[in-house]
Amino acid sequence: MAKSGRYSADRKKIEALAASKTVEVHDCGTIFICSAAVTLTLPTASAAGEGWWIRVVKATAASGGAISITATSTLQGVGVDGNGVGVALSGDFTLHTDGNEGCMVEIYSDGSQYYAFGVADTANGFTA
């Protein structure tokens with residue numbers, strides 16, 4: 001039987017970004033809310049370790065700029081664009097300028113490489 005009373009919510013770490021950032025291992029579990037054109041540079045997948053993850057969300061309209069993700073380790077995945085079409089995310093990729101608020105990508109490490117999954121609201125939301 002469940003206890004009566006309050007319970008802990010699934011709270012996330014949030015960091016607002018208006019400038020480029022080198023993402024650190026201790027940033028695991030952070031949701032980066034980007035309000036400008038920025039570049040996020042990931043740590044190596046081996047340094048990040050198995051289970052490491054981040055989410056990157058575009059917080060501005062199309063004029064807010066592109067969000068570039070740079071990985072020194074292998075990165076592969078898929079983004080779904082505004083037409084419902086899968087777009088390969090491999091190596092360095094960009095969440096494009098024509099996407100609006102809420103476009104996002106999640107990046108995970110298995111300790112040897114990165115995997116990414118993203119959603120954009122426009123047909124050209126991602127480039128790899």
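Remember, predicted model here, so these are calculated numbers, not experimental data.
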How long is the straight-line distance from CD1 of Ile14 back to CZ of Arg55, given to the nearest 0.5 Å?
8.0 Å

Asp27 side chain vs Thr30 backbone, donor-acceptor pair below 3.5 Å
no

Can you establish whether the number of heavy atoms outside Glu50 located under 6.0 Å from its atom CD is more than 12?
no

Quick one: CD1 on Ile107 to CG on Leu40, what's the gap to the nearest 0.5 Å?
7.5 Å

Would you say Asp92's side chain and Ala71's backbone share a donor-acceptor pair under 3.5 angstrom?
yes

Without swapping roles, check the side chain of Asn83 against the backbone of Val85 for a donor-acceptor pair under 3.5 Å.
no

Shortest non-hydrogen pair, Leu95 vs Cys103, comes out as CD2-O, 3.8 Å

What pair of heavy atoms forms the shortest contact from Thr72 to Leu42, and how long is it?
OG1-O, 4.3 Å

Hydrophobic cluster membership, with links at side-chain heavy-atom distances under 4.5 Å among I/L/V/M/F/W/Y: are Met104 and Val87 in one?
no

What about Ile69 and Val38, same hydrophobic cluster or not, with Ile/Leu/Val/Met/Phe/Trp/Tyr joined at side-chain heavy-atom distances under 4.5 Å?
yes

Are Trp52 and Val56 connected, step by step, through hydrophobic side chains (Ile, Leu, Val, Met, Phe, Trp, Tyr) whose heavy atoms are closer than 4.5 Å?
yes

Distance col, row Glu15:CD vs Ile54:CD1, nearest 0.5 angstrom, shows 10.0 Å

Quick one: CD on Glu106 to CZ on Phe117, what's the gap to the nearest 0.5 Å?
8.0 Å

Is the shortest side-chain heavy-atom distance between Leu75 and Ser90 below 4.5 Å?
no

Looking only at atom types and distance, does a side-chain atom of Ser20 sit under 3.5 Å from a main-chain N or O of Thr39, one as donor and one as acceptor?
yes

Would you say Lys13's side chain and Cys28's backbone share a donor-acceptor pair under 3.5 angstrom?
yes

Over all atoms of both residues, closest heavy-atom pair of Gly49 and Ser109:
O-OG, 3.1 Å

Measure from the side-chain N and O atoms of Ser73 to the backbone N and O of Ala45, and report whether any donor-acceptor pair falls under 3.5 Å.
yes

Linking Ile, Leu, Val, Met, Phe, Trp and Tyr by side-chain heavy atoms under 4.5 Å, what else ends up with Tyr108?
Trp53

Do Ile33 and Leu17 make a side-chain contact, defined as non-hydrogen atoms from C-beta onward lying under 4.5 Å apart?
no

So, the side chain of Ser46 versus the backbone of Gly111: is there a donor-acceptor pair under 3.5 Å, distance only?
no

With the side chain counted from C-beta on, respond yes when Asp110 and Tyr115 share a heavy-atom pair under 4.5 Å apart, and no when they do not.
yes

Measuring only between side-chain heavy atoms, which start at C-beta, is Leu89 closer than 4.5 Å to Val78?
no

Do the side chains of Phe32 and Tyr114 join up, straight or via other hydrophobic residues, at under 4.5 Å, putting them in one cluster?
yes

Which heavy atom in Ala47 sits nearest to a heavy atom in Val25, and how many Å separate them?
O-CG2, 3.5 Å

